[in-house]
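Here's the structure we're looking at; comments come further down.
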Amino acid sequence: MQETLALVTGAAGGIGEAVTRLLAEQGTTVAAVDRDAERLAETAALLRKEGLAVTEFAADVTSSSAVERLVEEVETRLGPVHQLVNAAGVLRLGPAHTLTDEDWTATLSVNATGVFHMSRAVVARMIRRRAGAVVTVASNAAGTARAEMAAYAASKAAATAFTKCLGLEVASYGIRCNVVAPGSTDTPMLRGMHTAETAAQASVAGRPDQYRVGIPLGKVALPEDVARAVAFLLSDDAGHITMHELTVDGGATLG
Ligand code: NAD
């Protein structure tokens with residue numbers, strides 16, 4: 001039987017690494033992608049040392065030509081991509097009226113356009129094979145107003161809507177496209193908020209365990225909590241689920 005190959009972006013980050021590890025532990029071969037070549041190489045080497053089938057490919061998802069080259073190279077070296085996980089992301093905080101053009105563009109170009117580039121390149125190939133699964137890691141911020149998160153929330157709402165529309169278009173080819181919407185998750189991105197200086201940021205700044213305020217389950221997510229939801233939506237157990245948004249936020253925005 002042909003081995004399953006997953007391409008995971010943001011694989012040098014907290015959630016992307018957890019997804020890469022879990023999928024590889026389940027027997028999937030993983031093409032791990034990130035623009036931070038150094039950290040990606042360290043992460044992949046560590047996972048390979050544990051006997052996991054992980055190969056790193058440094059690439060920037062904001063460049064459509066780089067993404068085309070990347071997917072071509074991955075398929076040439078490892079074979080057809082069966083699963084795509086869009087986990088690369090950036091967070092720029094600040095009141096909407098003070099965001100710079102660069103804040104806005106940097107956020108949208110990774111979190112929304114990057115998802116478009118990757119999904120277009122991979123899904124075009126999946127359509128020819130009439131099979132595949134895509135999971136985009138968006139955010140619960142896409143559907144709930146949060147101070148100082150306007151650019152981020154807009155980018156995640158775009159990624160969510162794009163992934164659902166894509167899912168409708170490719171359903172007849174047997175390709176499923178779903179969204180995982182995490183809440184606060186203990187990763188470098190969340191820890192980066194410690195340096196917050198403005199009032200609204202200070203209200204959520206602090207140690208990761210302090211983010212649990214407002215989370216009914218009483219704790220921030222671990223990257224593994226999000227990874228399990230991603231792995232489920234990629235798996236045959238979710239074979240009749242598409243265009244779904246699965247929120248993983250301890251109930252923070254639910255109920
Ligand atoms: P992280 O900062 O640990 O990881 C993000 C990774 O994306 C980094 O390794 C970074 O190098 C990579 N990346 C950024 N821009 C890229 C680009 N242009 N091309 C390729 N790689 C790029 O953050 P994380 O918390 O693991 O976030 C993973 C995803 O989960 C992101 O999309 C994030 O928005 C989302 N998310 C995170 C949280 C949270 O609280 N941590 C909550 C909701 C959603």
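Starting from 1, each residue takes its place in the sequence as its number. Values in this document were obtained by computation on a predicted structure and should not be read as measured data. Start at 1 and go down the list; that is how both ligands and their atoms are numbered.
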- Nearest 0.5 Å, what's the CG-OG1 distance between Leu84 and Thr9? 7.0 Å
- Message: To check you understand the geometry: which heavy-atom pair defines the closest contact between Gly250 and Pro216, and what is its length?
- Response: O-CD, 3.2 Å
- Note on the structure: Sorted by chain and residue number, the residues with a non-hydrogen atom under 4.0 Å of ligand 1 are Gly10, Ala12, Gly13, Gly14, Ile15, Asp34, Arg35, Asp36, Arg39, Ala59, Asp60, Val61, Thr62, Ala87, Ala88, Gly89, Val90, Val110, Val137, Ala138, Ser139, Tyr152, Lys156, Pro182, Gly183, Ser184, Thr185, Thr187, Pro188, Met189, Leu190
- Task: Provide the full list of side chain to side chain donor-acceptor pair (under 3.5 Å) pairs with a residue in residues 14-33, sequence neighbours left out, each pair given once.
- Result: Glu3-Thr29, Arg21-Glu50
- Are Arg39 and Glu56 ion-paired here, with the side-chain N under 4.0 Å from a carboxylate O? no
- Query: Is the closest side-chain donor-acceptor distance between Ser65 and Ser63 under 3.5 Å?
  - Reply: yes
- Will you find, in the side chains of Asp60 and Thr62, an N or O donor that is under 3.5 Å from an N or O acceptor? yes
